[in-house]
Amino acid sequence: MKTPDVIKNLGKWSAGRFSAFKNIILEKYGEQPGKMLVHTGVLGWILSSLAQVGAVFFNDKISPEQKVFLIPQEIADAVVNILSFYVVTNSVKDIASKLVTTGKLTTPAILNYLKKTGIKIPKKKGDASPIGKWDFDITKLANFDEISPNFKAFKNGVDVGASMLGSILSCNLITPILRNEYASKQQKSMISKMQNNKNLRNLESPRGISMAEYQRRAYAKYGNLKV
Amino acid sequence: MASTDKISNISFGNSFTSRLGAAGKRIYNAMPNFKPISNARFIKGIENFGKKCTSDKQRLILGVSAILMQPPIDAHNKNVDEKTRKVSVARTIAKIIAGTLTGVAIRWGCIKAMNMKIFEPSNFFKVSKDAFDQYKNAMGTIVALVVMMFTNFLIDAPLTKFLTNIMIDKDDSPGGAKK
């Protein structure tokens, strides 16, 4: 049987897109592992948060009162996690990256290279030197290729370490504290709403039926409740 | 080709350092430079960490630190009653265990799978071995995220529920959640 042209074209188009996508990933993250960890971390948190909210919602062993706390906790967890992960992790990584590219944080090999390039190395505090200044960028120096392998290996290590530190701070410290604050406020307001609704239901008068019939129906409806 | 460029130019937002104003730059410039790191083994350690710390190892480190840090935070949350607090701690522990186990295993498997020909980019010969290894790490992690779209529901969520229920059922203390 002959393959329809539409399928063939779709196959070609998909293969072309996938090939382009692989090259983009190679270009974008091949020399920036720290950045990759931040971006894939954000995507990962979005996906796992969706699953965790579902897990609480469908767990029949968790009581409605606890769900009222835990579901907002999960949603708060997701929002705070994603935001704090991106903001904190990316900021820590950016600062670390800046320290290395400006030469504030350096190694003897990089310092020797700078000396060889003719850049003044500050010997004591107050010595005028572009090293460590905001606008100084080692990667922009004309003969950067000389130090490039050493510099990139060091910078990638610092970037990955900073990303790691940022993600530990954001996911394991900032997020749990913030989400607990938010979720407990949510729980209180939801419980008070539920309580009000229950009270209103209880106040409904049994129109058109006898009191005995009302009691029978009420027992049938709420008889499974243990007091 | 034009559309490829568009994709590669996607911006993930301005970086933190690019948003700093003149005051931030002045503070930065006033900060003294760090003493150069002179310990060769430490420098090698930093370089190796950048090369070898793939996303599966990062997930493992995050999981281990999470189990040490998050449950005590939930256990000291005085804004909720004792019973809810215990369920919250149990769930946090279960979530960390389930998330770390599947997260590490799937990332590890997907990064290994990047040695398959199908995932080899056409431009790989233009880059260094280190950059190609980082590509495998990045692409493997992206594929792992796609896989985890399903395993989050099929493995993580039921495993979290199972582990939470075990911990809730085992809790016989007066404030415990056992019925």
Side-chain angles (χ1 to χ4, degrees), chain A residues 19-20 22-31 33 36-37 39-40 43-44 47-48 50-52 54-55 59 61-62 66 69-70 73 90-91 94-95 98 104-108 111 122 125 131-134 153-154 156-161 164 167-168 171-173 176-177 180-181 184 187, chain B residues 4 7-8 12 15-17 25 28-29 31-34 36-38 43 46-47 49-51 53 55 58 61-62 65-66 69-70 73-74 77 79-80 84 87-88 91 95 99 119 121-124 127 131-132 134-135 137-139 141-142 145 148-149 152-153 156-157 160-161 164-165 168:
Chain A
S19 179
K22 286 184 288 187
N23 285 327
I24 290 164
I25 298 297
L26 177 68
E27 186 192 318
K28 205 167 184 68
Y29 300 124
E31 292 187 342
M36 184 280 294
L37 289 179
H39 293 167
T40 54
L43 268 176
L47 296 174
S48 69
L50 281 174
Q52 295 302 341
N59 189 344
K61 279 208 170 185
I62 299 177
Q66 285 161 355
F69 171 72
L70 292 169
Q73 187 193 39
N90 207 36
S91 302
D94 272 359
I95 292 168
K98 192 77 183 168
K104 232 182 216 337
L105 180 67
T106 186
T107 64
L111 218 55
K125 205 182 164 190
I131 297 172
K133 297 288 180 267
W134 182 267
F154 178 66
N156 282 346
V158 173
D159 274 7
V160 173
M164 197 69 251
S167 58
I168 289 173
C171 299
N172 299 339
L173 194 68
I177 293 171
N180 283 349
E181 278 296 315
S184 58
Q187 183 195 30
Chain B
T4 306
I7 297 169
S8 63
F12 289 88
S15 68
F16 172 78
T17 49
K25 289 178 186 178
Y28 185 86
N29 288 341
M31 274 165 52
N33 294 351
F34 291 98
I37 303 166
S38 54
I43 295 170
I46 293 173
E47 290 175 357
F49 189 67
K51 281 178 196 164
C53 186
S55 68
Q58 188 219 20
I61 297 171
L62 202 59
S65 57
M69 294 166 77
Q70 287 194 32
I73 292 171
D74 284 343
N77 181 13
N79 291 324
V80 290
T84 307
V87 176
S88 171
R91 224 188 108 60
K95 199 166 77 171
F119 293 110
S122 55
N123 289 345
F124 82 96
V127 298
F132 187 48
Q134 291 302 347
Y135 158 80
N137 179 20
M139 195 65 179
T141 310
I142 291 166
L145 289 177
M148 283 189 285
M149 278 173 71
N152 271 333
F153 292 97
D156 276 42
T160 301
K161 182 178 168 179
T164 306
N165 290 341
I168 293 172

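Chain A is the first sequence line, chain B the second, and so forth, proteins listed ahead of strands; every chain is numbered from 1. The analysis underlying the following values was restricted to heavy atoms, covering all of them including side chains, and did not include hydrogens, waters or symmetry mates.
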Enquirer: Any heavy-atom pair between the side chains of B:F124 and A:K22 that's under 4.5 Å?
Expert: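 Contact flag for A:K22/B:F124 side chains = no.
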Enquirer: Using heavy-atom distances under 4.5 Å, tell me whether B:I43 contacts chain A through its side chain, its backbone, both, or neither.
Expert: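 Just its side chain gets close to chain A.
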Enquirer: For chain A, which of B:M148, B:R91, B:M31 has the most heavy-atom pairs under 4.5 Å?
Expert: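 With the most close heavy-atom pairs to chain A, the winner is B:R91.
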Enquirer: Inspect the surroundings of CE in B:M149 and state if more than 12 heavy atoms from other residues, nucleotides or ligands are less than 6.0 Å away.
Expert: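 No, not enclosed.
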Enquirer: Measuring heavy-atom distances to chain A, does B:M139 have an atom under 4.5 Å in its side chain, in its backbone, in both, or in neither?
Expert: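 Both backbone and side chain of B:M139 come within 4.5 Å of chain A.
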Enquirer: At a heavy-atom separation under 4.5 Å, does B:N137 approach chain A through its side chain, its backbone, both, or neither?
Expert: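 Backbone plus side chain of B:N137, per the 4.5 Å heavy-atom cut-off to chain A.
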Enquirer: Quick one: does B:I73's side chain get under 4.5 Å of A:N172's, heavy atoms only?
Expert: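 Contact flag for B:I73/A:N172 side chains = no.
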Enquirer: Considering non-hydrogen atoms only, spot the tightest contact between A:N23 and B:P121 and give its length.
Expert: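 Reported closest heavy-atom pair: OD1-CB, 3.3 Å.
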Enquirer: A:I131, A:I177, A:L37, A:D159: which one forms the most heavy-atom pairs within less than 4.5 Å of chain B?
Expert: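 When all of A:I131, A:I177, A:L37, A:D159 are compared, A:L37 has the most.
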Enquirer: Distance from B:N123 atom CG to A:E27 atom CD, nearest 0.5 Å?
Expert: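 Taking CG in B:N123 and CD in A:E27, the distance rounds to 8.5 Å.
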Enquirer: Can you confirm whether A:E181 sits close enough to B:N79 that some side-chain heavy atom of one is under 4.5 Å from a side-chain heavy atom of the other?
Expert: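 The answer is yes, as the side chains (C-beta and beyond) meet within the 4.5 Å cut-off.
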Enquirer: Looking only at heavy atoms, what is the nearest atom pair of B:S65 and A:I168, with distance?
Expert: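 Result for this residue pair: OG-CG1, 3.6 Å.
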Enquirer: Give the member of A:S167, A:G44, A:A153, A:G161 that has the highest number of heavy-atom pairs under 4.5 Å with chain B.
Expert: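 So the answer, after comparing A:S167, A:G44, A:A153, A:G161, is A:A153.
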Enquirer: How far apart are the closest heavy atoms of A:N59 and B:K161, and which atoms are they?
Expert: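 Looks like ND2-CG, 3.4 Å.
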Enquirer: Distance from A:N156 atom CG to B:C53 atom SG, nearest 0.5 Å?
Expert: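 Going from the CG atom of A:N156 to the SG atom of B:C53 covers 12.0 Å.
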Enquirer: Got a second to check how far A:I24's CD1 is from B:Y135's OH, nearest 0.5 Å?
Expert: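 Result: 11.0 Å between the selected atoms.
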Enquirer: Select one option (side chain, backbone, both, neither) describing which atoms of A:L173 are under 4.5 Å from chain B's heavy atoms.
Expert: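 For A:L173, the contact with chain B is made by backbone and side chain together.
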Enquirer: Output the option from B:A66, B:G99, B:S55, B:S38 having the highest count of non-hydrogen pairs under 4.5 Å with chain A.
Expert: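 Looking at each option in turn, the highest pair count goes to B:A66.
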Enquirer: What closest approach, in Å, do B:F49 and A:M164 show between heavy atoms, and which atom pair accounts for it?
Expert: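 The pair with the smallest heavy-atom distance is CZ-CG, 4.2 Å.
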Enquirer: Using heavy-atom distances under 4.5 Å, tell me whether A:I25 contacts chain B through its side chain, its backbone, both, or neither.
Expert: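 Both the backbone and the side chain of A:I25 come within 4.5 Å of chain B.
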Enquirer: Looking only at non-hydrogen atoms, find the nearest pair between B:Q70 and A:P176 and report the distance.
Expert: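 Distance-wise, the nearest heavy atoms are CG-CG, 3.6 Å.
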Enquirer: Which value, rounded to the nearest 0.5 Å, describes the distance between A:I62 atom CD1 and B:T164 atom OG1?
Expert: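 It comes to 6.0 Å.
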Enquirer: Where do B:A138 and A:Y29 come nearest, in terms of heavy atoms and distance?
Expert: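 Residues B:A138 and A:Y29, closest heavy atoms: CB-CB, 3.8 Å.
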Enquirer: If I measure from the heavy atoms of chain A, does B:S122 come under 4.5 Å with its side chain, its backbone, both, or neither?
Expert: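 Both parts, backbone and side chain.
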Enquirer: How many angstroms lie between atom OG1 of A:T106 and atom CD1 of B:I37, to the nearest 0.5 angstrom?
Expert: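 Answer for the OG1-CD1 pair, A:T106 versus B:I37, is 8.0 Å.
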